[in-house]
There are 2 protein chains.
Amino acid sequence: MRECPLDSAHTTGISSGDAVALTEAVETQFFSFGEQPNELILESGEKLGPVTVAYETYGRLNAQKSNAILICHALSGDAHAAGYSADAQKPGWWDNSIGPGKAFDTDRYFVICSNVIGGCKGSTGPASLDPEAGKPYGLSFPVITIRDMVEAQRHLIDFLGIDQLLCVAGGSMGGMQTLQWAASYPERVRSAIPIATTARHSPLQIAFNEVIRQSIMADPAWKDGNYYEDEPPDRGLSIARMIGHITFMSEESMEEKFSRHRTKILKGVPFAPEFAVGGYLHYQGSQFVKRFDANAYLYITRALDYFDLSGDRLLSNEKVRDIRFLILSFSSDWLYPPSQSQDIVRQLKKGQAEVTYCELNSTYGHDAFLVETQGQTQLIRNFLSSNDEHS
Amino acid sequence: MRECPLDSAHTTGISSGDAVALTEAVETQFFSFGEQPNELILESGEKLGPVTVAYETYGRLNAQKSNAILICHALSGDAHAAGYSADAQKPGWWDNSIGPGKAFDTDRYFVICSNVIGGCKGSTGPASLDPEAGKPYGLSFPVITIRDMVEAQRHLIDFLGIDQLLCVAGGSMGGMQTLQWAASYPERVRSAIPIATTARHSPLQIAFNEVIRQSIMADPAWKDGNYYEDEPPDRGLSIARMIGHITFMSEESMEEKFSRHRTKILKGVPFAPEFAVGGYLHYQGSQFVKRFDANAYLYITRALDYFDLSGDRLLSNEKVRDIRFLILSFSSDWLYPPSQSQDIVRQLKKGQAEVTYCELNSTYGHDAFLVETQGQTQLIRNFLSSNDEHS
């Protein structure tokens with residue numbers, strides 16, 4: 001294992017001053033498959049079809065189709081990872097890491113990001129129309145796992161005509177998909193960057209997801225998932241997201257950002273939040289319900305809980321050892337703590353894979369992979385550049 | 001600061017083999033005051049009365065009334081700290097620490113434990129009858145703080161004719177009351193043992209309480225606190241308690257106890273818990289609603305959030321330096337982590353108080369102060385015995 005090559009020589013010629021925004025407006029595209037039976041058989045054995053996968057691409061695929069990088073998003077992410085769409089005020093969720101001169105340099109690489117199935121951001125999920133029933137699936141949508149998400153991505157990569165991805169990368173649930181790619185299709189992955197993630201959801205992580213799901217389902221507006229023609233369970237989903245947000249931050253970042261500062265109290269609202277941290281959580285909850293489907297939150301958190309590539313599972317196909325890994329964790333991340341990344345490293349080393357591991361110092365907790373990009377950027381650039389040396 | 005006198009010589013003559021159960025059935029008693037105006041003016045300026053305080057005592061008060069120890073309970077505790085009441089199947093919540101030969105040795109000390117006001121276990125709280133309205137207070141119950149809880153206890157101690165407590169002790173919220181006693185009535189406290197606690201509720205702790213309160217209030221059965229004649233908001237309170245329970249454990253203890261073991265799935269219940277850890281949380285939630293009032297949970301968690309004796313507040317009365325302190329924390333407690341106990345130690349040292357601090361190794365997380373009693377017992381015994389040497 002090589003550790004923290006932050007000061008290695010691979011940065012030559014790349015300075016952070018080169019990073020600029022994507023200039024062209026980006027657009028989400030849609031790829032559909034599964035009209036034929038057996039095109040997508042899920043891990044549960046059930047079939048799903050037709051399946052739509054929403055995706056975006058940045059940069060250009062080279063003639064050899066050897067410069068493609070697949071970015072996998074986290075729980076509430078989507079296909080819009082970078083740049084601005086024509087109507088959007090905000091850039092994509094990882095715009096600080098994807099673009100010309102950035103960690104995933106679109107001047108060199110063809111970057112793909114697709115929305116997971118089971119979600120609600122363009123790919124098929126519980127809010128999608130069930131063609132047989134003529135109404136949204138709701139809870140008749142089948143159980144989805146991380147492997148199923150990867151299987152849908154594999155169909156997209158086939159469609160794009162790419163035999164081998166130069167890299168698969170992602171943080172949190174995106175890291176799990178990255179590991180799943182390595183386990184399911186090692187011959188199609190040249191290198192992998194799982195960030196702030198785990199090879200198995202721990203009981204603590206399952207516990208948080210359990211109360212998150214209970215918060216949604218306790219909302220009478222949830223109605224066993226049949227709310228698509230009425231008011232959605234916003235209150236329950238908002239509380240669920242508030243719980244999630246606590247786990248995304250760290251004690252230090254909360255102290256820095258909020259300390260015990262007070263917030264403006266809503267008069268006449270019993271037990272309204274009085275501290276800034278409570279006000280922040282409420283704001284996050286209220287924004288989240290505008291952009292996310294409650295059933296999708298249930299389906300995706302369950303997929304997280306099912307995830308377990310511990311023991312020999314990650315290495316069941318011996319070709320995993322041909323993949324180069326860069327594993328990153330953040331010191332203050334207590335949701336997917338460094339110890340879990342170290343477990344992945346140990347597994348991979350046992351399987352004789354080439355692994356570089358780095359725990360980055362950050363006070364941002366789990367959110368660090370989205371916001372604390374400086375050290376991460378340098379490590380990813382170095383790692384991707386060194387793929388050239390290995391070719 | 002003296003650290004960890006676990007091996008000191010104070011244990012002479014006390015072996016753990018001496019520990020036996022309290023032989024007589026214990027009985028909760030009730031003390032009332034506040035019929036006269038101004039007898040209990042709360043920190044908010046509001047008045048509360050009449051006030052009932054439920055309490056139990058163990059052991060005998062000596063003729064000099066110099067052997068009294070006040071035990072302060074945590075969030076969901078009560079006056080029944082030790083022994084068996086006539087009808088009870090389970091002993092008091094700290095029976096492993098209070099009794100003949102135990103940490104708080106009832107052969108030597110007169111131990112008192114009273115239920116906090118604002119709660120629901122015999123002392124006046126939001127479920128009590130508002131004499132003016134002729135119905136339960138509900139949300140017309142005034143705001144309660146940790147200082148108010150201590151003020152009610154002070155009335156009880158006056159009533160019992162005790163000028164100075166040999167010791168005030170408690171874990172978690174009990175530790176906050178202990179610190180508040182030291183700050184409010186230093187001349188009435190000879191020694192103090194705050195365990196697994198903090199001098200100020202941090203934004204992370206406030207954040208958890210915020211989602212806990214939201215879970216209760218989101219239950220339609222809560223009805224702005226006016227549910228006493230109908231079905232109580234059990235579902236919301238249950239989820240609130242599930243959230244709380246996550247914070248009481250540690251990653252290690254969850255791994256040891258549950259790992260990724262499955263639980264029996266409730267058929268026909270959508271997204272029923274599938275993992276043992278989820279089943280455990282549901283069980284804890286379902287038990288809790290049988291014994292606790294939802295409004296009391298709101299009032300007490302707010303009192304926790306308001307608590308702030310940081311900076312000079314703990315030392316505003318210089319007599320605090322005459323109190324001997326034993327501060328205990330537990331290595332795996334991430335709800336009230338050792339760093340917060342160390343902050344208390346620093347504050348007290350700055351004020352030139354006599355402080356002994358020990359961080360005990362435990363995998364039990366915050367629950368350790370209730371269950372991991374071996375090391376704690378020895379430290380408390382030594383500390384209490386050495387009071388004799390200081391007399």
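Contact detail for P220(A) and P220(B): the closest heavy-atom pair is CG-CG, 3.4 Å. Between M254(A) and A207(B), the shortest heavy-atom contact is CE-CB, 4.1 Å. The two atoms that bring V277(A) and I206(B) nearest to each other are CG1-CG2, 3.7 Å, heavy atoms only. For the pair E251(B) and S202(A), the tightest heavy-atom approach, listed with the atom from each and the gap, is OE2-OG, 4.5 Å. When every heavy atom of I239(B) is checked against every heavy atom of V211(A), the shortest pair comes out as CG2-O, 4.4 Å.
Between R200(B) and E255(A) a salt bridge is recorded (basic side-chain N to carboxylate O distance below 4.0 Å).
Under a cut-off of 6.0 angstrom, the local environment of OH in Y283(B) is sparse, with at most 12 non-hydrogen atoms contributed by other residues, nucleotides or ligands. Counting heavy atoms of neighbouring residues, nucleotides and ligands inside a 6.0 Å radius, atom OH of Y364(B) does not exceed 12 of them.
Using a 4.5 Å cut-off between heavy atoms, Y280(B) makes no contact with chain A at all. Interface remark: H201(A) contributes backbone and side-chain atoms alike to the contact with chain B (heavy atom separation under 4.5 Å). The contact between Q340(A) and chain B is made entirely by side chain atoms (from C-beta outward), counting heavy-atom distances below 4.5 Å. Contact annotation for L139(B): only side-chain heavy atoms (C-beta onward) come within less than 4.5 Å of a heavy atom of chain A. R241(B) does not touch chain A: none of its heavy atoms, backbone or side chain, sits under 4.5 Å away. In this structure, chain B has a heavy atom under 4.5 Å from the side chain of L281(A), while its backbone stays farther away.
Distance check, rounded to the nearest 0.5 Å: CG of L204(A) to OG of S250(B) gives 9.0 Å.
Under the 30°/60° scheme for interplanar angles, the aromatic rings of Y299(A) and F271(B) are found to stand perpendicular.
In terms of modelled atom types and a separation under 3.5 Å, the side chain of R260(A) and the main chain of D305(B) share a donor-acceptor contact.
Side-chain contact check for Y306(B) versus E274(A): some heavy-atom pair is nearer than 4.5 Å.
Between chain A and the options K257(B), Q205(B), Q214(B), heavy-atom pairs under 4.5 Å are most frequent for Q214(B).
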